[in-house]
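What follows is a set of notes on a single structure, which appears directly below.
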Amino acid sequence: MIKLIVTDLDGTLMNADLEVADADARMLREAAGQGVLICIASGRLYPDIRKIMDRVGVQAYGISQNGSAVYTREGEQVDASHFPADRASDLFEIVSKREIVFFVCCSDETIRLHKSTEASRPIEERQLSPVVHQADIGREIRSGQVKPCKFSLFGDMEKLLSFREELMEKYAGSVEAVISDHDCMDLMPAGISKGTGLARLLKELGLKHDEAACVGDSYNDLPMFALTPHSFAMIKSRDEVKAGAGHTTSSVAEMVTAVLEHNGSGRGNEAAEAQV
């Protein structure tokens with residue numbers, strides 16, 4: 001029996017206009033009403049996750065910043081990680097030398113930006129939480145006052161992938177670079193992912209891996225896909241992402257319907273093409 005449903009946000013539960021479809025919200029409430037636990041796993045901050053919980057109308061667990069932190073339904077943090085100060089300082093310096101928009105995402109669940117520019121403003125507007133402009137952030141990273149969980153780099157994907165090769169050659173074994181959106185690459189501490197966040201949550205809940213089902217649309221969802229046979233990639237995902245999932249789905253509503261049918265409580269008029 002599937003006891004936990006985990007959904008990604010951007011491109012999965014939330015569209016490009018930062019909206020949640022009524023059908024998706026309704027089916028998540030239906031699942032919660034039948035006793036299935038809900039979790040939102042995102043590259044975004046935990047306050048963003050809370051905002052979406054309120055829109056959907058469910059009390060959910062949270063995995064924020066690509067697995068950097070895990071939260072209970074009541075908002076209590078049960079696990080957290082961040083870069084060591086020296087590695088964070090090195091990354092800040094090397095990224096700062098590039099003509100690239102990047103955010104410093106921190107353990108206090110804030111987004112910091114050392115300089116707002118014409119190029120950064122459209123990306124700032126895509127955030128649900130306010131972006132903190134902080135010119136001296138490099139100094140505070142070096143001192144350990146600011147603890148980065150991840151660096152989010154935005155721009156042309158070919159250039160980002162080329163930069164990733166350079167970073168991996170220099171920081172192999174201590175830094176991971178994952179694609180989280182069509183124009184975004186996240187730099188994470190090695191060994192931290194949505195998969196490790198989900199594994200930590202399953203341990204907290206006392207659940208087996210096959211008692212969870214997850215849905216997502218991007219490369220940063222692959223580590224959680226690998227944890228359970230009940231993994232769903234959005235049908236519009238890239239082929240490599242779909243290849244990493246057990247199933248595909250056209251919507252969160254369709255995926256949730258398949259889960260409820262698997263549990264023996266699905267509704268006939270909500271039949272899903274996806275099968276668990």
Side-chain angles (χ1 to χ4, degrees), residues 1-16 18-32 34 36-44 48-49 52-53 55-58 60-67 70 178-182 193-199 201-202 205 207-263 265-267 270-276:
M1 182 173 182
I2 295 172
K3 300 178 181 179
L4 173 70
I5 290 174
V6 185
T7 177
D8 168 51
L9 277 184
D10 293 270
T12 303
L13 182 60
M14 192 167 65
N15 65 21
L18 310 182
E19 298 171 337
V20 177
D22 290 342
D24 291 346
R26 184 176 67 251
M27 286 309 300
L28 285 172
R29 291 195 299 270
E30 173 72 17
Q34 294 188 23
V36 179
L37 302 175
I38 308 298
C39 173
I40 296 176
S42 177
R44 289 182 179 267
D48 298 352
I49 290 173
I52 301 304
M53 287 184 207
R55 289 187 197 175
V56 172
V58 296
Y61 292 89
I63 298 172
S64 69
Q65 302 199 62
N66 287 337
V70 178
V178 295
I179 305 305
S180 58
D181 207 342
H182 69 282
S193 69
K194 286 188 181 182
T196 59
L198 178 54
L201 178 59
L202 291 172
L205 297 173
L207 297 180
K208 300 175 182 177
H209 288 195
D210 63 0
E211 292 178 314
C214 59
V215 57
D217 77 313
S218 196
Y219 293 94
N220 63 339
D221 295 309
L222 289 172
M224 69 176 184
F225 288 174
L227 284 184
T228 173
H230 310 305
S231 57
F232 293 76
M234 297 295 286
I235 197 67
K236 59 180 173 31
S237 304
R238 290 182 177 273
D239 289 343
E240 299 93 330
V241 176
K242 288 188 285 189
H247 317 276
T248 58
T249 184
S250 63
S251 68
V252 171
E254 181 181 272
M255 175 266 195
V256 174
T257 301
V259 168
L260 296 183
E261 290 181 343
H262 172 82
N263 287 350
S265 55
R267 295 178 174 180
E270 297 274 7
E273 294 180 6
Q275 296 295 318
V276 179

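We number each residue from 1, following the sequence as shown.
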Show the numbers, then the answer: is there a side chain to side chain contact (heavy atoms under 4.5 Å, CB included) between Q34 and L260? CA-CA 9 Å; Q34 294 188 23; L260 296 183; 3.8 Å; yes
Distance col, row L13:CG vs M234:CE, nearest 0.5 angstrom, shows 9.0 Å
Scanning both residues in full, the closest heavy-atom pair of R29 with V56 reads NH1-O, 2.8 Å
Between A32 and I38, the two heavy atoms sitting closest are CB-CG1, 4.2 Å
Discussion item. Heavy-atom count check: over 12 atoms from other residues, nucleotides or ligands less than 6.0 Å from R238 CZ?
Written reply: no
When rounded to the nearest 0.5 Å, the distance separating OG of S180 from CG of D221 is 9.5 Å
Does the side chain of M14 reach to within under 4.5 Å of the side chain of I52, using non-hydrogen atoms? yes
Worked verdict on M53 versus I40 for side chain to side chain contact (heavy atoms under 4.5 Å, CB included): CA-CA 8 Å; M53 287 184 207; I40 296 176; 4.1 Å; yes
Okay, side chain of S193, backbone of T196: is any donor-acceptor separation there less than 3.5 Å? yes
Report task. Spell out, as yes or no, whether a donor-acceptor pair under 3.5 Å connects the side chain of H247 to the backbone of H230. Result -> no
Under 3.5 Å: donor-acceptor pair, side chain of S237, backbone of S218:
no
- [ ] Using the side chain to side chain contact (heavy atoms under 4.5 Å, CB included) rule, take E240 and L222 through it: C-alpha gap first, then chi angles, then the decisive distance, then the call.
- [x] CA-CA 9 Å; E240 299 93 330; L222 289 172; 5.8 Å; no
Smallest heavy-atom separation, M224 atom then V215 atom, equals CE-O, 3.7 Å
Taken to the nearest 0.5 Å, the spacing of C39 SG from L198 CG works out to 7.0 Å
Tightest non-hydrogen contact, residues L201 and I63, listed as CD2-CD1, 4.5 Å
When K242, E254, M255 are each screened for side chain to side chain contact (heavy atoms under 4.5 Å, CB included) with F232, the one that passes is M255
Rounded to the nearest 0.5 Å, the OG1 atom of T12 sits from the CG atom of D217 at a distance of 3.5 Å
Interatomic distance, CG@L4 vs SG@C214, rounded to 0.5 Å, equals 9.0 Å
CG (L207) and CG (L37) are apart, to the nearest 0.5 Å, by 6.5 Å
Looking only at heavy atoms, the pair that brings V252 and D24 closest together is N-OD1, 3.5 Å
Closest heavy-atom pair, D10 versus S42, reported as atoms and distance to 0.1 Å, is OD2-OG, 4.4 Å
